[in-house]
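To find a chain, count down the sequence lines: A is the first, B the second, and so on, and within it residues start at 1. Scope of the values below: all heavy atoms of this structure, side chains included, with no hydrogens, waters or symmetry mates.
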Amino acid sequence: MDERAHSRAGGDRKLMASRSARRASAFVEKSIHSLLETADYAARAERRAESRGLLQRLDPRSKLVGILLLIFAVVFSRALWPIALVFAAAVALALGSGIRLRAVAVSIWIPALLFTGAIALPSVFVVEHGGRSAAFLVSRSLTCATLSALLVFSTPWPALLKALRALRVPAIAVAMLGMTYRYLFSILDIARDMMESRRSRTVGALSGAEQRRIAAASAGVLLSRSVQLSREVHLAMLSRGYRGEAFTLEERRMRPRDWTSLALFAGFAALVTGFGR
Amino acid sequence: MSATAAVFELQQVRYRYQELTALDGIDLRIEQGSRNVLLGANGSGKSTLLRILDALYFPSSGSVRFHGRELTPKLFESDENAFDFRRRVGLVFQSPDVQLFNPTVFDEIAFGPLQLRWEREQILSRVNTVLDRFEIAHLRDRPPHRLSGGEKKRVAIASVLVLDPEVLLLDEPTAALDPRSESQIINLLASLGDGRRTVVIATHDLNLAVDIGDRCVLLERGRVAAEGDPREIVRDTELLGRVNLIHEHLHRHASGLVHSHPHRHPHEH
Ligand SMILES: Nc1ncnc2c1ncn2[C@@H]1O[C@H](COP(=O)(O)OP(=O)(O)OP(=O)(O)O)[C@@H](O)[C@H]1O
Ligand SMILES: [Mg+2]
């Protein structure tokens, strides 16, 4: 990033370095901040989940199975327009359930586009029919990611974990998922604290090499603190009687409405699969 | 041996983290219904000792007995023994972020009873009682990790006391709290000692030792440096200076009269 800066006069260069350092760390801070905000938003799904809204009223199990079916339909579709149809339906469901599209965009669409875009873009120029395969890759991943977002944003997290257990996903995998989600906050907090304390200690500009060195060191510290955190949490669970499988309260019954919606999901998925052959 | 029954008896307990020896030959007897304060500077081994008492760690050598029965990994292989012990001994961790891992305050407090397989109705009524008693009923549906420091601490203590353990182990219950939350917690802890429950508190807060403890164990680099009446130990400025619990100049300042809050305002000197 400072190739150009090198050719300039010393003072100028320093100024550039400091400015780009600020910009870089401001960008990282912003990203962490928006991640935290989105995570908070997802956490509040717990409260909103009791509210009106199409998806919130469904049993998590029927939602989970229905959405998995749609994901399969999208993955196996060999035509683009059925995928687009599912995407449109997903957006409509989000709107009908009071899920903010901005949150979906920040947490799902932008990362999915950046990630798959980076993979797909080169193929557009290199491979024959590259454009078509790139379009498939991007549209599939975008649609599947949106479907999963519907599930996460409309279901209290513990209920979702229970639904996964009901589908015979191993307890340990579900527990790990739960912990990852919960401690994402703590780890992001640690990252933010580290950043803030570093900013308060650094006076003036850092060179690119210094920045990279600090970033690498911070990542190492962050990782070891995360590992230690998870070890401690495990002890805290053991201390309160945890023996490998977490028990939770509240059993929900599947109501007629849940079966109906499951049937609707399945019917739609079958249609999409039919059209996509 | 004294007439009162021992809850814990430790003999020559050593504990090593890889190459570091955190506990170096601890002999200790904790009596039923007593209120013990483990005093010691940072790194003296307080947290490690509490984890040994809670059977989260087992000694590298030496032995720990709970009501006469030795605590070993083997003992905890059986669900029955493990549940019995977890029901009777509770530990409030030093960091609430470690302790509070559930999505809501309600789930947090219900966690222990659920793991111990209590009946559903019993859990619901007990959790609600505890929510009221600790004045956290209004936080019921909030995620614990987004609460204030004082609220977190109350939830953490409630999540352990919900099981009504006969032994309560607390790791620095007043650290990082503002004065008001601190006195709330101290009052709460003082109200717990009704002579029935055994309490062990790790701290470097000399006030807490005097306010709550009826017995004090001073740790220094993994060894017991002194044992006795908290008021006497707190008065021994030379000893406290040696184990880094008070400052040099405070030490001079405090000689003469009893200075029971030496740690409170070290910056004023
Ligand atoms: N997980 C660990 N791995 C390696 N060493 C550790 C670990 N936990 C603690 N120690 C070391 O063991 C010693 C005793 O630590 P312990 O946490 O028991 O002290 P403490 O009295 O609770 O200190 P503090 O007042 O800071 O909480 C310290 O030297 C510490 O560095
Ligand atoms: Mg400690």
>> So for B:F85, is it side chain, backbone, both, or neither that comes closer than 4.5 Å to the heavy atoms of chain A?
In response: neither
> Is any side-chain heavy atom of B:F111 less than 4.5 Å from a side-chain heavy atom of A:M237?
Replying inline: yes
> Is the number of heavy atoms from other residues, nucleotides or ligands within 6.0 Å of CZ (B:R14) greater than 12?
Replying inline: yes
>> Please classify the contact of B:R51 with chain A as side chain, backbone, both or neither, using a heavy-atom distance under 4.5 Å.
In response: side chain
> Should we say atom CZ of A:F72 is surrounded by more than 12 heavy atoms from elsewhere, each under 6.0 Å from it?
Replying inline: no
> So how far is it from B:N102 CG to A:R240 CZ, rounded to the nearest 0.5 Å?
Replying inline: 6.5 Å
> For B:E166, does the CD atom have more than 12 heavy-atom neighbours from other residues, nucleotides or ligands under 6.0 Å away?
Replying inline: yes
> With a 4.5 angstrom heavy-atom cut-off, which part of B:L56 approaches chain A: side chain, backbone, both or neither?
Replying inline: both
> In this structure, are over 12 heavy atoms from other groups packed under 6.0 Å from B:E135 atom CD?
Replying inline: no
>> So which atom in A:G241 and which in B:L116 form the shortest heavy-atom distance, rounded to 0.1 Å?
In response: CA-CD2, 4.0 Å
>> Does B:Q122 have more than 12 heavy atoms from other residues, nucleotides or ligands lying within 6.0 Å of its CD?
In response: yes
> For the residue pair B:A82 and A:R243, what are the closest heavy atoms and their distance?
Replying inline: CB-NH1, 3.2 Å
>> Counting only non-hydrogen atoms closer than 4.5 Å, does B:S95 touch chain A with its backbone (N, CA, C, O), its side chain (CB onward), both, or neither?
In response: neither
